[in-house]
Enquirer: 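Handing you a structure now.
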Protein chains: 2
Amino acid sequence: MNGISMIQLAKELGLSVSTVSKALGDSHEISASTKKRVLELAKKYKYKPNPFASNLRKKKGKQIAVIIPDIVNNFFALAVDGIESVTMSKHYDTFIYLTHENLEREKAVLEHLESGLISGLIISVCTGREGYAHFQEFYEATRLPLVFFDRVPDLLQFPKVITNNYESSFDATVRLIKAGSKRPVLITTTEPMFTSMERRRGYQDALEKHGIVFTDEMIVHCTDDMELNYTILRKIFSQKKRPDGIFASIEKYAITSYQACKDLKLAIPKDVKVIGMTNLRTAALLNPSLSTLSQPAFDMGKEAAGLLIKMIEKKSYAAANDIIVLPNELTIRDSI
Amino acid sequence: MNGISMIQLAKELGLSVSTVSKALGDSHEISASTKKRVLELAKKYKYKPNPFASNLRKKKGKQIAVIIPDIVNNFFALAVDGIESVTMSKHYDTFIYLTHENLEREKAVLEHLESGLISGLIISVCTGREGYAHFQEFYEATRLPLVFFDRVPDLLQFPKVITNNYESSFDATVRLIKAGSKRPVLITTTEPMFTSMERRRGYQDALEKHGIVFTDEMIVHCTDDMELNYTILRKIFSQKKRPDGIFASIEKYAITSYQACKDLKLAIPKDVKVIGMTNLRTAALLNPSLSTLSQPAFDMGKEAAGLLIKMIEKKSYAAANDIIVLPNELTIRDSI
DNA sequence: GTTTTTTCCTATAACGTTTTCGTAAAAGCC
DNA sequence: GGCTTTTACGAAAACGTTATAGGAAAAAAC
C-alpha cells in the first residue's frame, strides 16, 4: 500500500528500474557491487515488491487455495495445518474456502478462482456427488495444477493423496471379529463418498473372509442430523438380534454410538465392541477409551501441498497421475 | 491465467477498452444498450477481470488475512468458520497463517504482509508477549485496518472482539463455590495472555466476594507439555489439603484434570467439582459430562470479519476504538 | 590494432485493468 | 439558429513490476 517502489529505489541509486529489478532478482547481468548497493538500499527502506504488479507481469503468483468441506473437524483442521506448514516454508500464501458440503458453493468458489487469483489448488470434495464436471471445466479454463486429498473424485488426470481406506477398514473389522464380535455393523453416511465406499468394501471383505454372512441391515446409514442418528442407533441396538460390534467409519458417529450404548446399558466392550474412525484427541479420554482408526491428516496435507508446489514450479504434469497412499493408524484401546 | 481479457472483448465489440471497463462497472457514462452488449459478450466468454491488474490499478483488493496461533483447536476453527462465512458472502478471499505460538513467525507473517497483498487483517496474538511493536510497525507501514479477537494486545488504536472473560469467570467460580467447593483452584497457563489474566481476575474476585482466602497455590500453572501437566495436577490432587474444585481456564487442561482425578479415584463431582473453559463438542460425552464455559467462537469470527470489512470499505477508522464484547456461555452439566 | 566476446547496464514494451480528461454528437433552452 | 448542457464514448496515462532487445565499454582473442 504505502511502501517504497522500485522506481524510487532506482532514482535514488541513479540506476534504471530494470537494473534494480535484475539486481533484486540476483541476475548474472548485474555486477556484484551494484547488487550490493541495491540490496542495501532496499533493506534500508524495507522495500517489498508489489505482488500485484509482479503477478500481473509474470502471469502467476505464489498464492494457492484450499477448498474443504469444513474446518471445525479435526481431520480437516489437521490437514490445513499440514498444508500451511509447507506453504509457509515455501513462501506461498494460502487461501481457504469452506463448502459446508454444499455443491453449489464448491462450484461458485471454483468459478471465482478461474479469475487467475491462484497458481494451484488443493481440494477435498463435498458429499452429494453428481459428477465432477466443474473440476474438469476449471482445469480446462485455467490449466492450473490441482491436487485432491482424502475425498477424491474418480478423475484420472489429477494427482491425489489418500489413505489405505480399504485395507485399514479390513483390518479394523478383523480386529472386531477377533475380539469376539459375531455381528459387527458398519456405521456410515447416506451421502455417497469415495472414502466411505472404500471403507465399506474393506468391511464387507473382512466379513466374508471370516465366514460372517453379510446382510444389508448390517450397514447403518446415519445422517447430518445428530438427533436422528441417535434415534436410528438406539433402535438398532434395541433389537433382540442386536449387533455386538461397531465400526463407525465417520468421525462423529462414534460418539453417538457411545451415547446410545450408554443409555441402553450396553457395556463396552463386553456387550458391544467399538472402533471409531476419528482423529479426535479426546478419544483416549472417553469411558471406556475409544479404539480408533485415525488418518494421518497432517501428513496428508503436507504431501498434497508438497506435490502441488512441485507441480507449480516444475510447470510439468509429470506428477499428474501420482496417487500417494498413506496408511491409517489403528490404535486399540479399551473399547474392544 | 488463460481466460479472455477486456482488450479482446473490446476488440470484438468494436468498442474501446475504457468503454468496456466502464460498462462492466455499470458506470452512468455508458448507455443501457452498450452495457447490455458488453455484459452479454462477457457472459458468453465467461470473462473474469484479472484481479492482479485490477488490484494494481486500484491499489487494493478484496483479500484479507487471518493470523491465528493454531487451527487444530475448536475455538480457532470455529472462529475461522465465522470469518469465512462473512468473507465468502462479501466476496472477499481469506488467507490463513498459523503462528503456532511462535512470536518470530508472527512477526515474519506481518512483515510479509507489508507487501500490500491484503486489504485488512484479523489477528489473535500468540502467547509469550514481549510488546506489540510489530503490530504498530505494520500499521505505520501499511495503514491497513486491523482487527484483533480473543487474544488481544493492549493497543488502544485497534478495534477488538473479545468475550466477557472477567464476568464469566467470576460467575463460573461462584457456581463452583455454590455447588459446595471450599477450595476451588484455577488452572491456567504459564504464558502471559490477556485472556487468562482476565479470567484470573474474575476467579479471584469471586473467591474474595465469597469469603474464601486466596493463596498463591490456588493458581495451578500448566504448560504445553501434556505429560508434565498430568504430573503437576496429580501432585496437587494427592496432597492432604487437596482442592475440591477446578476451574480449568484453558481448553486442554480440563481433559487432563479429568484424567488425573479418574486415576486418583477422586469422584467428579462428589470429591471434585469441575468447570472447563472449552468449546469441545465432546464435553457432553465425557464421564461425567463436563460443565463448560464456552466462547461464542463462531460469532466472534463473524463480528471481527464484519468489522474489518466495514473498515476496509468505509476507508474510515470511525470504528477504530470499537471493542465488541460477546458473552461466554456457561453450561452446567454433571461435573458440578 | 582490429575484431570478437563478455560484462553490465538502459530503454522500452508489455501485463490488464481503472481513471482522468477530452470531445463529438445529441439534446435542451431561449 | 445559436447557445449551453448533457450523453456516450475514446485516448492515454497510470499502477509497479519483468522480460526482451539493444548497446557502450571493457576484456579477450588473433
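First the proteins, then the strands, lettered A, B, ... as listed; each starts at 1.
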Enquirer: Return no unless some side-chain N or O of B:Ser18 is found under 4.0 Å from OP1 or OP2 of D:dG10.
Expert: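 For D:dG10, OP1/OP2 do not have a side-chain N/O of B:Ser18 under 4.0 Å.
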
Enquirer: B:Ser115 and A:Pro49: which non-hydrogen atoms are nearest, and at how many Å?
Expert: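 Closest approach of B:Ser115 to A:Pro49: CB-O, 3.9 Å.
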
Enquirer: Give the rounded distance in Å between these two atoms: OH of B:Tyr47 and C1' of C:dT18.
Expert: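 Distance, rounded to whole Å: 11 Å.
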
Enquirer: Rounded to whole angstroms, how far apart are CG on A:Asn55 and P on D:dC15?
Expert: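 Atom-to-atom, A:Asn55 to D:dC15, this comes out as 19 Å.
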
Enquirer: Rounded to the Å, how far apart are A:Gln8 CD and D:dC15 C1'?
Expert: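 Computing the A:Gln8:CD to D:dC15:C1' distance gives 13 Å.
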
Enquirer: Using a strict 4.0 Å threshold on nitrogen-to-oxygen distance, state whether B:Lys44 and B:Glu40 make a salt bridge.
Expert: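 Judged by the 4.0 Å cut-off on N to carboxylate O distance, B:Lys44 and B:Glu40 do not form a salt bridge.
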
Enquirer: Could you list, one pair per line, each protein nitrogen or oxygen that sits under 3.5 Å from a nitrogen or oxygen of nucleotides 5-9 of chain D, together with the distance?
Expert:
unit_1, atom_1, unit_2, atom_2, d
D:dC9, OP1, B:Thr34, OG1, 2.5
D:dC9, OP2, B:Ser31, N, 2.8
D:dC9, OP2, B:Ser31, OG, 2.9
D:dC9, OP2, B:Thr34, OG1, 3.1
D:dC9, N4, B:Glu29, OE1, 2.7

Enquirer: Rounded to 10°, tell me the angle between the two end axes of the helix from C:dG1-D:dC30 to C:dC30-D:dG1, each built from five pairs.
Expert: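 Between the first-five-pair axis and the last-five-pair axis there is 40°.
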
Enquirer: Are any of A:Lys48's side-chain N or O atoms less than 4.0 Å away from OP1 or OP2 of D:dG16?
Expert: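 Checking D:dG16 against A:Lys48, no side-chain N or O comes under 4.0 Å of OP1 or OP2.
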
Enquirer: Any ion pair linking A:Lys107 and A:Glu111 (charged N to carboxylate O, less than 4.0 Å)?
Expert: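 Judged by the 4.0 Å cut-off on N to carboxylate O distance, A:Glu111 and A:Lys107 do not form a salt bridge.
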
Enquirer: Below 4.0 angstrom, N of the basic side chain to O of the carboxylate: do A:Asp26 and A:Lys35 qualify?
Expert: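 Answer for the salt bridge query: yes.
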
Enquirer: Can you name the one residue among A:Val66, A:Leu117, A:Ile64 that meets side-chain contact (heavy atoms from CB on, under 4.5 Å) with A:Phe95?
Expert: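 Running side-chain contact (heavy atoms from CB on, under 4.5 Å) over A:Val66, A:Leu117, A:Ile64 with A:Phe95 returns exactly one hit, A:Leu117.
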
Enquirer: Atom CG of A:Leu56 and atom P of C:dA13: how far apart are they, to the nearest Å?
Expert: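 Going from A:Leu56 (CG) to C:dA13 (P), I get 17 Å.
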
Enquirer: Can you establish whether the number of heavy atoms outside A:Lys302 located under 6.0 Å from its atom NZ is more than 12?
Expert: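 Atom NZ in A:Lys302 is not packed in, count stays at 12 or less.
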
Enquirer: Whole angstrom is fine here: how far is it from CG in B:Asn50 over to C1' in D:dC15?
Expert: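 Roughly 13 Å, once rounded to whole Å.
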
Enquirer: May I have the distance from A:Lys58 (atom NZ) to D:dT20 (atom P), rounded to whole angstrom?
Expert: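 Interatomic distance, NZ of A:Lys58 to P of D:dT20: 13 Å.
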
Enquirer: B:Met6 has an atom CE; how far is it from atom C1' of C:dT18, in whole Å?
Expert: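 Going from B:Met6 (CE) to C:dT18 (C1'), I get 8 Å.
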
Enquirer: For C:dT17, does the base pair up with any side-chain atom of B:Arg57 as donor and acceptor (N or O, under 3.5 Å, distance only)?
Expert: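 Between C:dT17 and B:Arg57, which were checked side chain against base, a qualifying N/O pair under 3.5 Å is absent.
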
Enquirer: Over all heavy atoms of both residues, which pair between B:Ile162 and B:Val152 is shortest? Give the atoms and the distance, please.
Expert: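 Answer, listing the atom of B:Ile162 first, then B:Val152: CG2-CG1, 3.6 Å.
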
Enquirer: With a cut-off of 6.0 Å (strictly less than), are more than 12 heavy atoms of other residues, nucleotides or ligands near NZ of B:Lys90?
Expert: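 At most 12 heavy atoms, drawn from other residues, nucleotides or ligands, come within 6.0 Å of this atom.
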
Enquirer: Could you label the plane-to-plane angle of the B:Phe149 and B:Phe75 rings as parallel, tilted or perpendicular, counting under 30° as parallel and over 60° as perpendicular?
Expert: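 Correct class here is tilted.
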
Enquirer: Could you check how far NZ of A:Lys11 sits from C1' of C:dT10, rounded to whole Å?
Expert: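 Rounded to whole Å, this separation is 16 Å.
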
